[in-house]
Amino acid sequence: MIHGPSLAIGAGISAAVLVVVFLGFDQVANEPELVIEPTPNVQPEGPAKITMSTFLENDSSILGDSSAPVTLVEFGDYQCHFCNVFFHSTEGDILKNYVETGKVRMIFKDFNIIGPDSINASHGAHCANDQGMFWEYHDILYSNWTGENNGWASSENLLKFAQEIGLDIDVWSDCMISGKHSQTIVASNDDARSLELTGTPAFFVIGPDGKVTRLFGAQPYSTFENIFEIELKKIK
């Protein structure tokens with residue numbers, strides 16, 4: 001299964017500069033003000049060029065051995081139901097059997113298609129990444145998922161999550177207030193659109209020979225296992 005996007009949100013993010021302002025972040029965060037400033041309506045010439053940077057830039061820190069022969073790239077939205085299903089039903093086995101054994105490295109990229117809270121959650125994860133805790137924040141977001149646009153990823157809760165995983169709150173809050181990672185998030189969304197993604201989660205498995213296999217939706221563990229094994233045989 002795959003979460004269908006709000007096309008208006010997806011298009012708006014890809015053609016805009018996002019400025020997220022968190023007010024009163026000293027003790028309790030108020031609701032964020034999302035400002036979307038449209039860029040000039042300039043149409044690109046021809047189809048977007050897909051390169052390896054489309055998969056490997058504007059992303060999270062690498063989870064696993066950076067020299068692992070196989071790379072798993074996930075495009076996700078922290079409010080997405082089926083992204084949450086993947087996290088709880090499949091990701092753990094992938095980490096145990098492939099990432100922790102040095103066979104696969106994992107990267108997460110933003111594709112914010114549901115609402116402003118999705119963008120703010122992405123900011124929270126990137127600001128946590130500045131302190132070397134992207135994946136801890138990624139995990140606590142999905143561990144607290146309760147639906148779409150219902151407030152669980154409010155600025156107040158994002159602050160609470162940062163406190164729970166032990167981030168330096170002053171540093172994290174300054175990062176959030178400044179919107180430091182807005183351009184990275186916009187660029188990741190643009191990467192998703194250049195790959196013609198229409199929903200989340202979407203996965204790309206990059207083998208040791210550079211071959212890329214695309215998977216849509218919260219596929220079962222066996223699907224990932226089969227592809228990983230095919231790619232790993234190339235190095236024997």
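Side chains are part of it too, since the values below use all heavy atoms of this structure and drop only hydrogens, waters and symmetry mates. Numbering of residues begins at 1 and proceeds along the displayed sequence.
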Hydrogens and angles aside, do Asp110 and His126 bring a side-chain donor and acceptor to less than 3.5 Å of each other? yes
- Task: Check whether any side-chain heavy atom of Met176 sits under 4.5 Å from a side-chain heavy atom of Leu159, and report yes or no.
- Result: no
Q. Are any non-hydrogen side-chain atoms of Asp209 and Glu231 less than 4.5 angstrom apart?
A. yes
Applying salt bridge (Lys or Arg N to Asp or Glu O under 4.0 Å) to Glu74 and not counting sequence neighbours gives none
Would you indicate whether the side-chain heavy atoms of Asn144 and Asn157 approach each other to under 4.5 Å? no
Quick one: are His181 and Asp130 in side-chain contact, heavy atoms under 4.5 Å? yes
Contacts of Tyr142 meeting ring pair (Phe, Tyr, Trp, His ring centres under 6.0 Å) (sequence neighbours excluded), chain-then-number -> Tyr78, Phe87, His138
Is there a donor-acceptor pair under 3.5 Å between the side chain of Ser143 and the backbone N or O of Ile140? no
field: Cluster link Leu158 to Val171, ILVMFWY, side chain under 4.5 Å
entry: no
Rounded to the nearest 0.5 Å, the NZ atom of Lys180 sits from the OG atom of Ser182 at a distance of 12.0 Å
*Side-chain contact, heavy-atom cut-off 4.5 Å: Trp152 with Leu141?*
yes
So, the side chain of Trp145 versus the backbone of Val85: is there a donor-acceptor pair under 3.5 Å, distance only?
no
Q. With hydrophobic residues grouped by side-chain heavy-atom distances under 4.5 Å, do Ile107 and Ile50 end up in a single group?
A. yes
d(Ser118 OG, Glu148 CD) to nearest 0.5 Å is 8.0 Å
Please check if atom CD in Glu196 has more than 12 non-hydrogen atoms from other residues, nucleotides or ligands closer than 6.0 Å. no
The ring pair (Phe, Tyr, Trp, His ring centres under 6.0 Å) partners of Phe55 (sequence neighbours excluded) come to Phe204
Of Asp59, Asn58, Thr54, the one forming a side-chain contact (heavy atoms from CB on, under 4.5 Å) with Ser188 is Asn58
Interatomic distance, CZ@Phe111 vs CG@Leu195, rounded to 0.5 Å, equals 9.5 Å
The residue among Phe82, Phe108, Phe228, Phe86 that forms ring pair (Phe, Tyr, Trp, His ring centres under 6.0 Å) with Phe203 is Phe86
| So, do Val70 and Tyr98 sit near enough that their side-chain heavy atoms are less than 4.5 Å apart? | no
Are the side chain of Arg105 and the backbone N or O of Gly64 linked by a donor-acceptor pair below 3.5 Å? no
